[in-house]
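When reading the values below, keep in mind they use all heavy atoms of this one structure, side chains included, and skip hydrogens, waters and symmetry mates.
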Amino acid sequence: MTHTQLGGQYDLSLPAACSQWPEWHQYREILYRIADGISAGDAGCAELAIRYLILNYSGSYAGYLRALFARRLKHAALTTMQKNRLHRHFSELLLRNIRQRELKECAKLWRLCATPLELSTLALQVSSADESVRQQFAQIFPASVITCSDDAGSAC
């Protein structure tokens, strides 16, 4: 789907002078324009940024761009479905013990997206995970730390 098909109206076009830039520079400039569109309240730009986060592309500059998008999305009007998709994505990364440098910014966004029910469900999953996953969960959601009792195999 295109930016316009996603409800976007923010101008993502590059100035004519940019056509002489290397392709990687044009790519990066378009991503900056998407970040600017999020700040301008453009729904299509917000959706593109969410898709970029979920894609979890690993390459030069990708972590910086994920952090930038997370910072901008914190202030965007996201739909319930978008928040749910972000929560599922971040939960999957956590449960698979995948740590990213941009965790700090993504965690701030995640705290705004996750509902209390989603957090309690995730807390149950985390309670049986590795210690490193439990520590990361406690770092991201300090108010949600749940203590478990080992007697009779009870769950949190």
Side-chain angles (χ1 to χ4, degrees), residues 1-3 5-8 10 12 24 27-156:
M1 293 186 88
T2 66
H3 169 250
Q5 291 171 324
L6 294 171
Y10 189 79
L12 295 179
W24 67 267
Y27 166 77
R28 188 175 69 184
E29 190 62 31
I30 287 289
L31 293 172
Y32 282 139
R33 301 276 303 151
I34 291 170
D36 293 342
I38 296 167
S39 295
D42 186 87
C45 287
E47 178 60 27
L48 288 172
I50 290 167
R51 290 177 183 204
Y52 187 87
L53 288 174
I54 292 171
L55 175 65
N56 204 29
Y57 172 72
S58 180
S60 178
Y61 216 59
Y64 173 81
L65 290 167
R66 283 193 296 269
L68 174 65
F69 286 157
R71 277 193 303 276
R72 300 287 172 94
L73 287 169
K74 285 187 308 189
H75 306 287
L78 302 178
T79 67
T80 301
M81 181 181 271
Q82 289 171 324
K83 290 178 183 180
N84 182 266
R85 286 171 41 223
L86 285 167
H87 169 71
R88 285 193 323 253
H89 170 66
F90 294 138
S91 295
E92 181 181 319
L93 292 177
L94 173 72
L95 293 170
R96 290 175 46 206
N97 205 13
I98 298 172
R99 295 179 183 246
Q100 298 174 320
R101 291 182 184 174
E102 64 278 4
L103 174 65
K104 181 179 176 182
E105 294 302 327
C106 289
K108 292 175 186 177
L109 173 60
W110 191 5
R111 286 184 206 111
L112 296 172
C113 293
T115 66
L117 178 60
E118 288 171 332
L119 277 183
S120 62
T121 301
L122 180 59
L124 286 172
Q125 293 173 301
V126 166
S127 68
S128 61
D130 292 342
E131 178 64 24
S132 61
V133 172
R134 292 193 304 268
Q135 288 175 351
Q136 189 175 8
F137 177 79
Q139 178 187 1
I140 296 168
F141 299 105
S144 300
V145 176
I146 298 175
T147 57
C148 297
S149 169
D150 289 325
D151 55 284
S154 63
C156 297

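Note: His87 and Trp110 have tilted aromatic rings, judged against thresholds of 30 and 60 degrees for the angle between ring planes.
No salt bridge links Glu92 with Arg88; every basic N to acidic carboxylate O contact stays at or beyond 4.0 Å.
Distance CG/Leu109 to CZ/Phe69: 12.5 Å, rounded to 0.5 Å. Distance NZ/Lys108 to CG/Leu73: 14.0 Å, rounded to 0.5 Å. Considering CZ of Phe90 and CG of Leu103, their distance stands at 9.0 Å, rounded to 0.5 Å. Taking CD1 of Ile50 as the start and OG1 of Thr79 as the end, the distance is 6.5 Å to the nearest 0.5 Å. Atoms CG and CG, from Leu78 and Asn84 in turn, are 12.0 Å apart once rounded to the nearest 0.5 Å. Residue Glu118 holds its CD atom at 8.0 Å from OG1 of Thr121, rounded to the nearest 0.5 Å.
When side chains are defined from C-beta on, Arg72 does not count as touching Ile34, because their heavy atoms never get closer than 4.5 Å. Contact of the Gln125 side chain with the Leu94 side chain is not registered, since no non-hydrogen atoms from C-beta on lie closer than 4.5 Å. The closest side-chain heavy-atom distance from Tyr52 to Leu31 is below 4.5 Å. In this structure the side chain of Arg85 reaches within 4.5 angstrom of the side chain of Glu47, judged on heavy atoms.
In this structure, Asp130 contributes its side chain and Ser132 its backbone to no donor-acceptor pair below 3.5 Å. In this structure a side-chain-to-backbone donor-acceptor pair under 3.5 Å is missing from Arg134 to Val126. Under the 3.5 Å distance criterion, the side-chain polar atoms of Glu105 are left unmatched by any main-chain donor or acceptor of Glu102.
Enclosure of atom CZ in Arg101 is not indicated, since only 12 or fewer non-hydrogen atoms of other residues, nucleotides or ligands lie within 6.0 angstrom.
Nearest heavy-atom pair, Leu119 versus Phe137, reported as atom, atom and distance to 0.1 Å: O-CZ, 4.3 Å. Looking at every heavy atom in both residues, Gly7 comes nearest to Ala43 through O-CB, 4.4 Å. Closest non-hydrogen pair, Gly37 versus Cys45, comes out as CA-SG, 3.7 Å. Closest non-hydrogen pair, Leu122 versus Ser91, comes out as CD2-OG, 3.7 Å. Here the shortest heavy-atom pairing between Asp42 and Gly44 reads OD2-N, 3.1 Å.
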When you look at Arg99 and Asn97, which way does the side-chain contact (heavy atoms from CB on, under 4.5 Å) test go after all the steps? CA-CA 6 Å; Arg99 295 179 183 246; Asn97 205 13; 3.7 Å; yes
Tell me, with the steps shown, if Glu29 and Arg33 meet salt bridge (charged side-chain N to carboxylate O under 4.0 Å, His left out). CA-CA 6 Å; Glu29 190 62 31; Arg33 301 276 303 151; 5.8 Å; no
Steps toward side-chain hydrogen bond (donor to acceptor under 3.5 Å, both in side chains) verdict (Gln135, Glu131): CA-CA 6 Å; Gln135 288 175 351; Glu131 178 64 24; 3.2 Å; yes
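Side-chain contact check for His89 and Asn56: no donor-acceptor pair (N or O, by modelled atom type) lies under 3.5 Å.
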